[in-house]
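These numbers come from a predicted model, not from an experiment. Numbers for residues simply follow the sequence, beginning at 1.
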Amino acid sequence: MKMRLPLALITNVRLLNSGFRIGHRIHNGVTKTSLLSSCNICSRVERKWIKPVGFDTGVKTYNSLTKQKEPLVLAQERIATWYSCGPTVYDHAHLGHAWYVSLLDQVQNVERRSYPYFEINVIHVMVITDIDDKIIQRSLEQNISPTVLARMHEEEFKRDMQALRVLPPAVYMRVTDNIPQIVAFVERIIGNGHVYVTSQGNVYFDTQSIGDRYGKLVNLGGIVGELGMLWIRISVPAGIVGGGSECTSVFGSQLDIHSGGIDLAFPHHENEIAQSEAYHQCEQWGNYFLHSGHLHLKGSVEKMSKSLKNYVTIKDFLESYTANEFRLFCLLTRYRSAIDYSDASMNEARSTLSTISAFCHTAQAYMQGHLQCQPIEEGILWERLSATQSSVRKALADDFDTPKAVNVIMSLIHHGNCQLQPATKNNGPRCPAVFGAMLSYVREIMAVFGVDLLDRKEVHDSSGVLNNVVEELVHFRSKVRKFALSVEDQASQNPQTGSEIQKRHPQPDRVPLLKVCDALRNNLAPLGVHIKDRGTNSTWKITRGETRKN
């Protein structure tokens with residue numbers, strides 16, 4: 001049975017008249033009309049992974065392209081380009097999202113930190129799918145625009161991630177912000193000769209055009225030639241969705257790391273690879289694919305998801321547990337493994353966090369002279385600390401093995417607690433330095449994992465909401481202003497020649513609208529919102545710290 005896999009959504013097939021030669025062939029009873037160009041089609045090569053040439057990080061990571069651990073080699077020294085699939089913003093973010101994004105954050109933080117970590121500058125781009133059928137359907141149900149619905153849930157997602165101490169990516173990329181790039185992406189794939197057209201006018205990606213290289217993430221065996229990827233035509237203004245083209249426009253023909261949930265490996269990521277390699281005419285676009293396991297409710301074999309309505313929102317979760325407890329919960333499982341969410345698993349994380357916090361409190365009391373102990377075997381503790389740092393580094397370099405790293409840290413804490421036994425009087429010299437070093441290390445490594453042992457209060461920034469409000473306001477003003485600037489033709493006579501002259505004048509009844517638009521622009525400037533009119537379009541920016549001038 002022929003499989004047709006979603007690739008992109010296009011609004012029309014006007015490209016059929018763009019000078020490409022059209023060929024026909026029969027496959028499984030289906031007539032295929034190919035779009036051919038003078039560009040060379042990728043040659044048929046063996047499906048294998050090409051080890052990158054560049055900077056060896058010292059890390060080995062499980063690569064979904066090879067199904068084994070591989071040395072993590074970056075194209076540029078200490079710079080990792082990283083693309084990840086973010087949420088489709090049509091509903092509340094839930095713990096399934098938090099699980100994936102928190103794991104991603106922990107892995108990236110390990111790479112970012114200096115000694116004893118890896119000093120890698122992670123350039124992370126996360127795509128936000130802000131237009132698709134689910135968003136459109138939900139917007140119709142709630143009687144609001146798809147854009148507003150998507151922005152609401154996008155900002156909620158960002159606030160939830162901030163509440164869980166997840167560092168934001170370098171760039172959030174919305175699909176709707178990249179429509180021209182997606183159209184150009186599709187045009188180039190057609191120009192490179194990688195599609196065919198059915199008699200019904202549907203456009204398909206021709207997997208045979210890239211030889212045996214389709215199926216890098218999954219073993220498709222001999223059925224590769226049976227596969228096609230459908231580009232479904234949809235009506236304007238629903239939008240265009242093209243998986244993979246957003247990251248291609250950012251990182252070009254080579255990407256270090258691509259990540260997402262394991263359910264996205266096929267067909268979503270498989271299609272991204274095929275599209276990008278057909279676009280760039282290259283043999284290997286993404287060098288490493290990291291896939292996380294799913295979060296399940298205890299006793300359920302299905303992943304937590306919005307579509308299955310078996311999810312726990314992050315807001316509801318944080319009414320019972322803390323961000324620190326959730327981060328510990330994530331640390332206790334390998335990022336590639338599935339995990340069961342339950343009260344028991346959260347209590348284990350809470351207990352682990354309690355043990356760490358208690359040690360920090362006790363060590364701090366000893367350092368301040370508030371706790372008298374038996375003589376401290378300082379040399380042993382220094383050796384334990386050094387061995388712990390080395391073991392944690394090795395664990396993290398071995399495919400980011402956070403459970404093993406936590407076990408090593410807990411062992412150090414155990415030996416520290418054994419020495420911090422209260423005594424009725426001080427029977428020897430105090431050794432605050434070693435406990436200061438231990439305390440500093442434990443706090444630092446847990447901060448890498450997103451666990452704040454200093455319990456600093458978070459500041460919730462509402463700037464994201466403000467930006468969206470201003471964006472909607474300026475968009476509305478631009479529409480009004482464009483209407484007000486419309487002109488009408490008026491005939492007048494040239495006094496010298498007597499010939500008639502057509503002059504264009506603003507329509508008088510719309511002048512008040514233009515004045516109101518100007519007044520709004522002027523009134524917002526002292527408040528820090530600066531609008532600059534460029535013809536019939538407008539741009540804007542927000543500056544902080546300004547006050548209204550009298």
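- Shown here for T333 and T402, the closest heavy-atom pair between the two residues is O-OG1, 3.8 Å.
- Residue-environment remark: NZ (K69) exceeds the threshold of 12 foreign heavy atoms within 6.0 Å.
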key: Working for side chain to side chain contact (heavy atoms under 4.5 Å, CB included), residues R393 and F118   = CA-CA 9 Å; R393 179 181 173 85; F118 306 101; 3.8 Å; yes
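- For D401, the salt bridge (charged side-chain N to carboxylate O under 4.0 Å, His left out) test picks out R334, with sequence neighbours left out.
- Note on residues 192-201: no pairs pass salt bridge (charged side-chain N to carboxylate O under 4.0 Å, His left out), not counting sequence neighbours.
- The two residues I120 and A80 come nearest to each other via the heavy atoms CG2-CB, 3.8 Å.
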message = Run F449 and C330 through side chain to side chain contact (heavy atoms under 4.5 Å, CB included) and show every step you take.
response = CA-CA 9 Å; F449 297 143; C330 296; over 6 Å; no
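- For the salt bridge (charged side-chain N to carboxylate O under 4.0 Å, His left out) test, residues two or more places apart in sequence or in another chain that qualify with E154 are K158, R174.
- When each of Q275, H268, H269 is checked for a side-chain hydrogen bond (donor to acceptor under 3.5 Å, both in side chains) with E272, only H268 meets the rule.
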inquiry  = For a ring-ring contact (aromatic ring centres under 6.0 Å, His included) check, start with the C-alpha distance between Y288 and W82, then their side-chain angles and the critical distance, and finish with the verdict.
reply    = CA-CA 9 Å; Y288 300 88; W82 192 315; 10.0 Å; no
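- With sequence neighbours excluded, no residue forms a salt bridge (charged side-chain N to carboxylate O under 4.0 Å, His left out) with K51.
- Put simply, the residue from Q284, E270, E277 that forms a side-chain hydrogen bond (donor to acceptor under 3.5 Å, both in side chains) with K216 is E277.
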Name each donor-acceptor pair under 3.5 Å that joins a side chain in residues 70-77 to protein atoms two or more places apart or in another chain, with its distance.
residue: E70; atom: OE2; partner: T66; partner atom: OG1; Å: 3.0
residue: E70; atom: OE2; partner: Q68; partner atom: NE2; Å: 2.9

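- Heavy atoms only, all atoms of each residue included: L295 and G96 are closest at CD2-N, 3.7 Å.
- Across all their heavy atoms, L149 and S139 have their closest contact at CD2-N, 3.7 Å.
- Comment: D105 does not engage R165 in a salt bridge, judged by the lack of any side-chain N to carboxylate O separation of less than 4.0 angstrom.
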key: Verdict with supporting geometry, V110 and V59, side chain to side chain contact (heavy atoms under 4.5 Å, CB included)   = CA-CA 10 Å; V110 167; V59 175; over 6 Å; no
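- Judged purely by atom type and a 3.5 angstrom limit, S345 has no side-chain atom pairing as donor or acceptor with the backbone of Y341.
- Using bins of under 30°, 30° to 60° and over 60° for the plane-to-plane angle, the ring pair W285/H258 lands in the perpendicular bin.
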request  = Start with the C-alpha distance between R188 and N192, add both sets of side-chain angles, then the distance that settles side chain to side chain contact (heavy atoms under 4.5 Å, CB included), and finish with yes or no.
outcome  = CA-CA 6 Å; R188 183 164 173 177; N192 286 345; 3.8 Å; yes
request  = Decide yes or no on side chain to side chain donor-acceptor pair (under 3.5 Å) for H92 and T313, but give the supporting numbers first.
outcome  = CA-CA 7 Å; H92 303 293; T313 67; over 6 Å; no
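- Proximity of a side-chain donor or acceptor of S64 to a complementary backbone N or O of F289 within less than 3.5 Å is detected.
- Because its NZ or CZ atom is both nearer than 6.0 Å to the ring centre of Y62 and within 45° of the ring axis, R336 counts as a cation-pi partner of that residue.
- Scored by the ring-ring contact (aromatic ring centres under 6.0 Å, His included) test, F326 finds F317, F329 as partners (sequence neighbours excluded).
- Judged by distance alone, with hydrogens and angles left aside, the side-chain atoms of N63 form a donor-acceptor pair with the main-chain N or O of L65 at under 3.5 Å.
- In terms of heavy-atom proximity, D132 sits nearest to T129 at CB-CG2, 4.5 Å.
- Residues S292 and W99 have side chains that never bring a donor and an acceptor to within less than 3.5 angstrom of each other.
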inquiry  = Run the side chain to side chain donor-acceptor pair (under 3.5 Å) test on N271 and Y214 for me, step by step, so that the C-alpha distance in whole Å, both residues' side-chain angles and the decisive distance to 0.1 Å come before the verdict.
reply    = CA-CA 8 Å; N271 291 351; Y214 186 78; 2.7 Å; yes
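- Between R159 and E156 there is no salt bridge, since no side-chain N of the basic residue sits under 4.0 Å from a carboxylate O of the acidic one.
- Summarising the geometry of V175 relative to D130, their closest heavy-atom pair is N-OD1, 3.3 Å, with the distance given to 0.1 Å.
- A donor-acceptor pair under 3.5 Å is absent between the side-chain atoms of S538 and the main chain of I531, judged by distance alone.
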message = Apply salt bridge (charged side-chain N to carboxylate O under 4.0 Å, His left out) to residues D533 and R477 and explain how you reach the verdict.
response = CA-CA 11 Å; D533 295 320; R477 177 183 176 273; 2.8 Å; yes
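- Taking the six-membered ring where the residue is Trp, Y172 and F157 present perpendicular rings, their angle passing 60° and hence far from 30°.
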